[in-house]
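Reviewing the structure listed below.
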Amino acid sequence: FPVTITQLMATENLTVQQRNVRTASFDVQNRILTVPSLDEKISSELYDLFMGHEVGHALYTPMEGMLKAIDNKMNMSILNVLEDSRIERKIKNKYPGLKSSFLKGYKDLMNRDFFETRYKNLNTMNFIDRLNLFCKGGVSLNIQFNDIEKNLIDEIEKTETYEDVLEVYKKVVDYMKIEEEERQTRSIKVSRNIDEDEEEYEEEEQYDEEYDEYRDWE
């Protein structure tokens, strides 16, 4: 993926550098696109994915928007998942040829266990993690969402501007607070049930010991 093509896609004279890093990244402020050093282990589709994704940030993620989010102390991990969904849709619409590369590239990453999900039940993860995997791996991962989450995903997939992302971010954060409260409530109930079972077991043991002692005196 020649540097000149990347610069043409981004419509600016980006600084593109290859380094020994795990994944690609883009410095929005300094306009530096960093990609992993190309080797025989990286397919052309995966390399296209890395480059296309970061060019998407170069084209569509505004520096002033990121600064606003940081000033407002927003959770950048959550925000990045939502923004990744938006910029990937936009870059694939701008360069339709990338659609196949994104599909095959993410399948390659899943096979490499890039997201460290192997042997994990994806449906036990919180909403933003399930959303992130769904946006990258698609329906083939069989990730489940409830009706509220499906409505949120519908809004996320309709975002056009960074301001749209900031708006839906608020709804996602509010929902995740409720999700975490419910998770803690379930955890407390499970803990109480375990404690009650242990108390019942101890009472049964004590009764058995008393009964055995009574029998000894018969």
Side-chain angles (χ1 to χ4, degrees), residues 6-12 14 23-35 48-103 105-106 109 115 122-123 125-141 143-182:
T6 305
Q7 292 170 337
L8 285 172
M9 288 176 63
T11 66
E12 65 173 290
L14 292 177
T23 188
S25 62
F26 181 66
D27 184 334
V28 176
Q29 182 172 10
N30 297 308
R31 317 305 290 173
I32 299 173
L33 196 159
T34 301
V35 293
D48 287 354
L49 166 60
F50 285 151
M51 300 297 282
H53 179 95
E54 301 311 330
V55 168
H57 280 301
L59 286 172
Y60 304 115
T61 301
M63 184 63 199
E64 60 273 15
M66 291 188 65
L67 291 176
K68 178 181 177 181
I70 293 170
D71 287 342
N72 290 333
K73 298 181 179 179
M74 302 176 91
N75 185 314
M76 298 307 292
S77 294
I78 294 176
L79 188 60
N80 286 340
V81 171
L82 306 181
E83 175 64 349
D84 281 354
S85 172
R86 182 182 77 94
I87 61 101
E88 287 196 352
R89 279 185 286 106
K90 293 182 78 70
I91 196 68
K92 285 186 288 186
N93 286 336
K94 185 175 180 67
Y95 300 108
L98 286 176
K99 292 180 180 179
S100 177
S101 291
F102 271 60
L103 182 64
Y106 275 128
L109 290 179
F115 302 104
L122 305 185
N123 290 309
M125 296 180 174
N126 65 27
F127 173 62
I128 201 66
D129 289 336
R130 282 181 286 125
L131 172 68
N132 186 39
L133 291 169
F134 173 74
C135 290
K136 293 170 169 55
V139 295
S140 63
L141 296 178
I143 299 175
Q144 298 174 6
F145 298 98
N146 61 37
D147 290 340
I148 297 175
E149 293 168 343
K150 289 177 182 177
N151 288 333
L152 286 172
I153 292 172
D154 186 55
E155 289 193 51
I156 292 164
E157 291 180 340
K158 290 179 180 177
T159 54
E160 288 292 333
T161 67
Y162 196 77
E163 288 297 323
D164 292 340
V165 174
L166 296 181
E167 283 300 313
V168 76
Y169 164 90
K170 298 173 185 176
K171 297 180 181 181
V172 170
V173 169
D174 287 343
Y175 172 73
M176 290 187 67
K177 288 179 181 177
I178 296 173
E179 181 187 41
E180 180 58 27
E181 289 173 0
E182 292 177 348

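All values below were derived from every heavy atom in this structure, side-chain atoms included, with hydrogens, water molecules and symmetry-related copies excluded.
- For Arg89, there are no salt bridge (Lys or Arg N to Asp or Glu O under 4.0 Å) partners at least two apart in sequence or on another chain.
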Inset, instruction - Determine, stepwise, if the pair Met176 / Ile128 fulfils side chain to side chain contact (heavy atoms under 4.5 Å, CB included). - result: CA-CA 8 Å; Met176 290 187 67; Ile128 201 66; 3.7 Å; yes

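- For the ring-ring contact (aromatic ring centres under 6.0 Å, His included) condition, the pairs that include at least one residue of residues 155-175, sequence neighbours left out, are Phe127-Tyr175.
- Here Phe134 pairs with Phe145 under the ring pair (Phe, Tyr, Trp, His ring centres under 6.0 Å) rule; sequence neighbours left out.
- Nearest heavy atom pair, residue Asn146 against residue Ile148, reads OD1-N, 3.1 Å.
- Pairs engaging residues 26-35 under the salt bridge (charged side-chain N to carboxylate O under 4.0 Å, His left out) rule: Glu12-Arg31 [sequence neighbours left out].
- The closest side-chain donor-acceptor pair between Thr159 and Asp164, if any, does not fall under 3.5 angstrom.
- Annotation: salt bridge (Lys or Arg N to Asp or Glu O under 4.0 Å) contacts of Glu149 (sequence neighbours excluded): Arg130.
- Within the 4.5 Å cutoff, no side-chain heavy atoms of Val81 are placed close to those of Asp129.
- In this structure a side-chain-to-backbone donor-acceptor pair under 3.5 Å is missing from Asp48 to Ser101.
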Legend entry - Stepwise side-chain hydrogen bond (donor to acceptor under 3.5 Å, both in side chains) check, Asn132 with Lys136: CA-CA 6 Å; Asn132 186 39; Lys136 293 170 169 55; 2.7 Å; yes

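- Remark: side-chain polar atoms of Thr61 are not paired, donor with acceptor, to backbone N or O of Ala58 under 3.5 angstrom.
- A donor-acceptor pair under 3.5 Å is formed between the side chain of Glu54 and the backbone N or O of Phe26.
- In this model, no donor atom of one side chain and acceptor atom of the other lie less than 3.5 Å apart for Asn80 and Ser77.
- Between the CD1 atom of Ile91 and the CG atom of Leu49 there is a distance of 11.5 Å, given to the nearest 0.5 Å.
- Between Leu33 and Val55, some side-chain heavy-atom pair lies under the 4.5 Å cut-off.
- Considering CG of Leu82 and CD of Glu155, their distance stands at 11.0 Å, rounded to 0.5 Å.
- Nearest heavy atom pair, residue Ile87 against residue Tyr60, reads CG2-CB, 3.9 Å.
- Between Glu83 and Arg86 a salt bridge is recorded (basic side-chain N to carboxylate O distance below 4.0 Å).
- Looking at Met125 and Leu133, their side chains come closer than 4.5 Å, going by heavy atoms from C-beta outward.
- At a cut-off of 3.5 Å, with distance as the only test, a side-chain donor of Tyr106 or Glu88 sits close to an acceptor on the other residue.
- Here the closest non-hydrogen pair linking Leu79 and Ala69 is CD2-CB, 3.4 Å.
- Residue Leu98 comes nearest to Gly52 through the heavy atom pair CD1-CA, 4.2 Å, listed as atom of the first residue, atom of the second, then distance.
- Checked by atom type, the side-chain pair Ser85/Glu157 shows no donor-acceptor distance below 3.5 Å.
- For the side-chain contact (heavy atoms from CB on, under 4.5 Å) test, residues two or more places apart in sequence or in another chain that qualify with Lys68 are Asn72, Glu163, Leu166.
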Inset, instruction - Could you go through the side chain to side chain contact (heavy atoms under 4.5 Å, CB included) check for Asn75 and Val173 one step at a time? - result: CA-CA 9 Å; Asn75 185 314; Val173 169; 5.5 Å; no

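- For the atom pair Asn123 CG and Ile143 CD1, the distance stands at 7.0 Å (nearest 0.5 Å).
- Proximity of Leu152 to Leu131: side-chain heavy atoms (C-beta onward) are nowhere separated by under 4.5 Å.
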